[in-house]
Amino acid sequence: MNIREIQKERNAQYEERHALAVGRLRGIVSEETVPEQYLPYFQDVAIFLLELENVRRKVEAGDWERYSVEEMKSLNEILYSDVLEEHYGRSYANPAYAADKYGLEMGRLLSMLYAEMRSGIPYSFENRMDYLTILYELFIEVYNSFENAEQEAAQGIHEDMSSDVKTIRDILYWYASDYCDVFLADRIMEQIDPAYSFAVDIIENADLDNDRYLYSFGEYITENELGTARHLRTLPEETLKKMADVYTEGYRIGFINTGKDLSKKSVVNIRYSLGFEKVIRIAIENFRKMGLEPVIYRAASGIITKREHHKIGYYGAVANWQYEYDHRQDQALIMDKRYIERRLEVLKTVYEQHREQAAQFAGPAVMETFGEKPFSPKAVSEASAYNDEQKKMAVSYDSRSGQITNEYIRGEERSFTIVAYPVPEIGENYPEIFNEVIRINTLDAKLYEKVQQTMIDALDQGQYVCVKGKGENRTDIRVTLHQLEDPQKETIFENCVADVNIPVGEVFTSPVLEGTSGVLHVSRVYLEGLQYTDLELTFKDGMITDYRCGNFDDPEEGGRYIADNVLKGHESLPLGEFAIGTNTTAYVVGKKYGIEDKMPILIAEKTGPHFAVGDTCYSWSEDIRVYNPNGKEIIAKDNSVSINRKEDVSKAYFNCHTDITIPYEELEEICVVTKEGKHIILLKDGRFVLPGTEVLNEPLEK
């Protein structure tokens with residue numbers, strides 16, 4: 001059964017409820033039966049929902065396909081206009097505006113409700129009558145509560161609805177709890193079952209030489225998506241194939257290099273940003289030759305399935321990052337232990353029911369983009385935020401859900417690959433930058449393998465590594481290394497030559513936490529879509545003990561920003577990885593075009609030493625024996641936190657891994673200190689000085 005048959009069957013089950021809900025929405029637009037101050041909210045949101053229904057019907061009837069590209073663009077702009085930066089100040093989606101209108105608590109609830117209604121935009125394009133019915137009914141239930149309260153107030157029974165926050169919170173709570181087994185269950189199936197093929201069908205069957213197809217996804221479309229698609233049309237087929245081959249071969253080689261059997265798998269998850277369909281179409285063909293069918297699911301936007309503001313899956317433009325950030329913790333309005341247990345129960349049940357299918361999942365192949373205007377969020381006190389107890393619940397949920405997922409999609413059997421390309425917003429030199437990135441992604445891996453092995457041979461002699469910043473960079477940190485029992489057969493660092501992590505260019509290890517102490521500082525860095533200025537982390541025995549940044553005038557606000565988005569709600573995180581990036585070509589390209597702060601961490605981590613906080617690079621697969629190209633086994637995969645997996649897995653993993661890179665020009669020195677006290681200098685004043693690595697300086701000198 002394919003997605004169209006699945007959807008037709010589901011729609012038939014909801015047809016009667018759907019018709020009743022749509023009729024009720026039409027009535028709300030003209031009624032005046034709720035308190036006067038709430039009328040504009042309910043009428044505006046009802047009109048928005050009827051617009052979604054109008055789109056769904058056009059898609060169902062085939063009228064959408066007869067729209068001109070100008071009509072498609074106009075409708076796309078209408079659907080997303082309310083949350084664009086220029087309109088957001090007076091949007092009910094803005095919790096600050098809603099709180100000003102209706103008070104803090106009710107404003108938060110109604111803003112969350114509207115954000116949830118906005119998650120219905122893609123459902124219209126997928127003709128998800130079932131999902132839309134559920135959203136319509138939720139909105140109507142809240143409206144009816146206000147209407148009943150108004151009637152009671154008129155009879156002197158109840159003063160007014162504005163004081164009854166609990167009623168609305170309960171409605172939202174039970175919506176999320178009751179429909180976990182619809183939205184969350186479907187979300188899991190979308191990740192493992194190729195029958196959910198909405199995006200694949202567009203990619204494989206649409207005319208990719210016409211802009212029209214981009215609007216069929218139901219995502220927000222801007223010049224980034226259009227410009228990317230248009231640029232790819234100018235490239236020779238040979239270049240498109242090279243891009244796809246680098247992407248898919250990296251995935252295949254990743255399985256080989258980690259000793260995992262790809263032949264046991266049949267499903268690959270492709271994640272990408274809209275505009276790259278010409279490359280993705282070729283990649284799908286390549287994966288099928290490996291015996292892998294694609295699952296390409298949309299980045300979630302509903303409260304039941306999304307992970308804060310992170311975009312995991314395929315997506316178009318982000319209409320307003322501040323909107324996404326303001327609603328990242330909307331679950332705070334409903335989260336309690338019962339709700340967490342409900343989610344975990346659904347997760348476990350669905351995976352158990354589809355155990356064999358889940359075991360076929362090979363892992364994600366990710367194509368990232370970069371070049372968008374860096375986003376540094378504003379602190380909005382009216383936005384929902386987890387309290388201390390909820391933060392612990394969220395951390396616990398991440399840990400337990402990770403354990404459940406790993407039970408059915410085992411870490412030691414799956415792999416991944418990730419590559420990145422720029423979008424037009426990066427600047428007027430976009431075509432040149434794009435070509436440079438293709439070059440960076442296809443550098444001679446054999447050259448780097450040899451040079452990096454020279455560096456590893458020096459590192460393997462060390463007890464610890466010292467990294468010091470220069471000028472205004474305050475970095476001064478000592479990283480303790482594992483000790484080798486048999487240097488002839490073992491090694492500490494992995495020689496990374498562009499398989500799962502494209503492009504080439506780093507050596508990395510899981511450091512020993514004990515004795516790893518000092519300060520990590522970087523003037524500016526871009527992590528998971530968020531910009532940080534003057535970021536500083538302090539470590540003692542490998543654990544973060546203090547942190548600060550310069551994003552906000554209020555140091556406490558800066559601390560919360562790091563706690564939420566780097567520490568991910570944990571009280572502390574270990575230093576899970578220490579690496580030295582060797583891709584000076586990528587570094588020079590960043591400097592040449594002035595795009596250093598826009599480089600994704602995938603490339604940026606190759607342009608200097610980097611430190612990852614959270615899990616190690618080997619999380620969930622530490623027991624798999626991994627070897628460098630020279631045949632030596634990499635033995636530094638665990639630390640004193642991850643080793644807890646042998647006794648209590650809940651104490652071993654943090655379900656996050658965030659890389660932070662120091663640019664070459666901010667470095668005074670990186671040196672290895674042996675147990676005899678000898679200092680082997682690897683980098684000095686931003687240049688590689690270890691004999692045999694000087695070739696890396698050539699791009700820097702040019």
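Excluded from the calculations below are hydrogen atoms, water molecules and symmetry mates; all remaining heavy atoms, backbone and side chain alike, are included.
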Below 4.0 angstrom, N of the basic side chain to O of the carboxylate: do Asp100 and Arg90 qualify?
-> no
Compute the ring centroids of Tyr38 and Tyr102, then answer whether they are less than 6.0 Å apart.
-> yes
Asn11 versus Glu15, side-chain donor and acceptor atoms under 3.5 Å | no
Is any NZ, NE, NH1 or NH2 atom of the basic residue among Lys166 and Asp170 found under 4.0 Å from an Asp or Glu carboxylate oxygen of the other?
-> yes
Between Ser68 and Glu71, what is the shortest heavy-atom contact and its length?
-> N-OE1, 2.8 Å
With the threshold set at 4.0 Å, does a side-chain nitrogen-carboxylate oxygen contact exist between Glu528 and Lys568?
-> yes
Is a side-chain donor or acceptor of Ser91 paired with a backbone partner of His87 at a separation under 3.5 angstrom?
-> no
Under 3.5 Å side-chain donor-acceptor pair for Ser145 and Asn148 | no
Mark yes or no for whether Arg343, through its side chain, and Ile304, through its backbone, hold a donor-acceptor pair below 3.5 Å.
-> yes
Within the 6.0 Å centroid threshold, strictly below: Phe139 and Phe42 = yes
Between Arg56 (side chain) and Glu51 (backbone), is there a donor-acceptor pair under 3.5 Å?
-> no
So do Tyr408 and Lys348 actually touch side chain to side chain, heavy atoms under 4.5 Å?
-> yes
Polar side chain donor-acceptor pair, Tyr123 to Asp130, under 3.5 angstrom = no
Answer whether the closest heavy-atom distance between the side chains of Val59 and Glu65 falls below 4.5 Å.
-> no
What are the two closest heavy atoms between Leu214 and Gly275, and how far apart are they?
-> CD2-N, 3.9 Å
Heavy-atom donor-acceptor pair, Ser81 side chain to Ile78 backbone, under 3.5 Å = yes
If we ignore angles and hydrogens, is there a donor and acceptor under 3.5 Å between the side chains of Asp564 and Tyr386?
-> no
Should we count CD of Glu105 as having more than 12 external heavy atoms under 6.0 Å?
-> no
So, do Gln329 and Glu308 sit near enough that their side-chain heavy atoms are less than 4.5 Å apart?
-> yes
Is the shortest side-chain N to carboxylate O distance from Arg57 to Asp63 below 4.0 Å?
-> no
Can you check whether Asp398's main-chain N or O pairs, donor with acceptor, with Ser401's side chain at less than 3.5 Å?
-> yes
Of the non-hydrogen atoms in Ile121 and Gly218, which two are nearest, and what is the gap between them?
-> CG2-O, 3.6 Å
Any side-chain heavy atom of Tyr175 within less than 4.5 Å of one from Ile334?
-> no
Residues 364-375 side chain polar contacts: donor-acceptor under 3.5 Å, at least two apart:
unit_1: Thr369; atom_1: OG1; unit_2: Glu372; atom_2: OE2; d: 3.2

Donor-acceptor pair, side chain of Arg281 and main chain of Ile203, under 3.5 angstrom = yes
Parallel under 30°, tilted from 30 to 60°, perpendicular over 60°: which one fits the rings of Tyr80 and Tyr220?
-> tilted
For atom CD of Gln13, decide whether the heavy atoms of other residues, nucleotides or ligands shown that lie under 6.0 angstrom number more than 12.
-> yes
Has Arg328 got its NZ or CZ under 6.0 Å from the middle of the six-membered ring of Tyr325, at an angle within 45 degrees of the ring axis?
-> yes
Is the centre of the Phe217 ring less than 6.0 Å from the centre of the Phe125 ring?
-> no
Lys73 vs Ile221 side-chain heavy atoms within contact, under 4.5 Å | no
Quick one: are Tyr339 and Gln331 in side-chain contact, heavy atoms under 4.5 Å?
-> yes
Within the side chain of Arg342, is there an N or O that forms a donor-acceptor pair under 3.5 Å with the backbone of Ser177?
-> yes
Kindly determine whether Tyr397 and Glu341 satisfy side chain to side chain contact (heavy atoms under 4.5 Å, CB included), including the steps that lead there.
-> CA-CA 9 Å; Tyr397 175 79; Glu341 293 300 326; over 6 Å; no
Does the pair Met393 and Glu389 meet the rule for a side chain to side chain contact (heavy atoms under 4.5 Å, CB included), with working shown?
-> CA-CA 6 Å; Met393 281 188 243; Glu389 185 178 357; 3.7 Å; yes
Evaluate salt bridge (Lys or Arg N to Asp or Glu O under 4.0 Å) for Asp186 paired with Arg128, printing each intermediate quantity in order.
-> CA-CA 12 Å; Asp186 283 357; Arg128 295 302 304 253; 3.4 Å; yes
Between Met243 and Val279 the two heavy atoms that sit nearest each other are CE-CG2, 3.7 Å
Does a side-chain heavy-atom distance below 4.5 Å link Ile134 with Phe183?
-> yes
Would you call Arg233-Asp211 a salt bridge at under 4.0 Å N-O?
-> yes
Should Glu425 and Asn224 be marked as a side chain to side chain donor-acceptor pair (under 3.5 Å) after you check the CA-CA gap, both sets of side-chain angles, and the distance that decides it?
-> CA-CA 6 Å; Glu425 193 177 340; Asn224 273 340; 2.9 Å; yes
Determine, stepwise, if the pair Leu75 / Val55 fulfils side chain to side chain contact (heavy atoms under 4.5 Å, CB included).
-> CA-CA 9 Å; Leu75 181 56; Val55 172; 3.6 Å; yes
For Arg338, enumerate each residue passing the side-chain contact (heavy atoms from CB on, under 4.5 Å) test, keeping only those at least two apart in sequence or located in another chain.
-> Tyr173, Trp174, Asp336
Is it true that Arg355 and Glu352 make a salt bridge, defined as a side-chain N closer than 4.0 Å to a carboxylate O?
-> yes
Does the side chain of Tyr131 pick up a donor-acceptor pair with the side chain of Glu126 at under 3.5 Å?
-> no
How about Arg288: does its CZ atom have over 12 heavy atoms from other parts shown lying under 6.0 Å from it?
-> yes
Indicate yes or no: does Arg230 engage Asp209 in a salt bridge with an N to O separation below 4.0 Å.
-> no
Work out which heavy atom in Tyr97 is nearest to a heavy atom in Gly89; give both atom names and the distance.
-> CD1-O, 3.4 Å
Is there a side chain to side chain contact (heavy atoms under 4.5 Å, CB included) between Leu226 and Thr222 once you walk through the steps?
-> CA-CA 6 Å; Leu226 293 165; Thr222 66; over 6 Å; no
Hey, does the side chain of Thr228 reach the backbone of Phe276 with a donor-acceptor pair shorter than 3.5 angstrom?
-> no
Side-chain (Asn94) to main-chain (Tyr88) donor-acceptor, under 3.5 angstrom = yes
For residues Phe361 and Ser266, determine if any side-chain heavy atom of one lies less than 4.5 Å from a side-chain heavy atom of the other.
-> no
With distance as the sole test, does Gln390 use its side chain to make a donor-acceptor pair with the main-chain N or O of Ala332 at under 3.5 Å?
-> yes
Listed pairs under 3.5 Å, donor-acceptor, residues 16-32 side chains, sequence neighbours left out:
unit_1: Arg17; atom_1: NE; unit_2: Glu137; atom_2: OE2; d: 3.0
unit_1: Arg17; atom_1: NH2; unit_2: Glu137; atom_2: OE1; d: 2.6
unit_1: Arg17; atom_1: NH2; unit_2: Tyr179; atom_2: OH; d: 3.3
unit_1: His18; atom_1: ND1; unit_2: Thr133; atom_2: OG1; d: 2.8
unit_1: His18; atom_1: NE2; unit_2: Glu53; atom_2: OE1; d: 2.8
unit_1: His18; atom_1: NE2; unit_2: Glu53; atom_2: OE2; d: 3.0
unit_1: Arg24; atom_1: NH1; unit_2: Glu31; atom_2: OE1; d: 3.3
unit_1: Arg24; atom_1: NH1; unit_2: Glu31; atom_2: OE2; d: 2.9
unit_1: Arg24; atom_1: NH2; unit_2: Glu147; atom_2: OE1; d: 3.3
unit_1: Ser30; atom_1: OG; unit_2: Gly27; atom_2: O; d: 3.4
unit_1: Glu31; atom_1: OE1; unit_2: Tyr143; atom_2: OH; d: 2.7

What do you reckon, are the aromatic ring centroids of Tyr297 and Tyr196 less than 6.0 Å apart?
-> no
Should Arg298 and Glu219 count as an ion pair when the cut-off is N to O under 4.0 Å?
-> yes
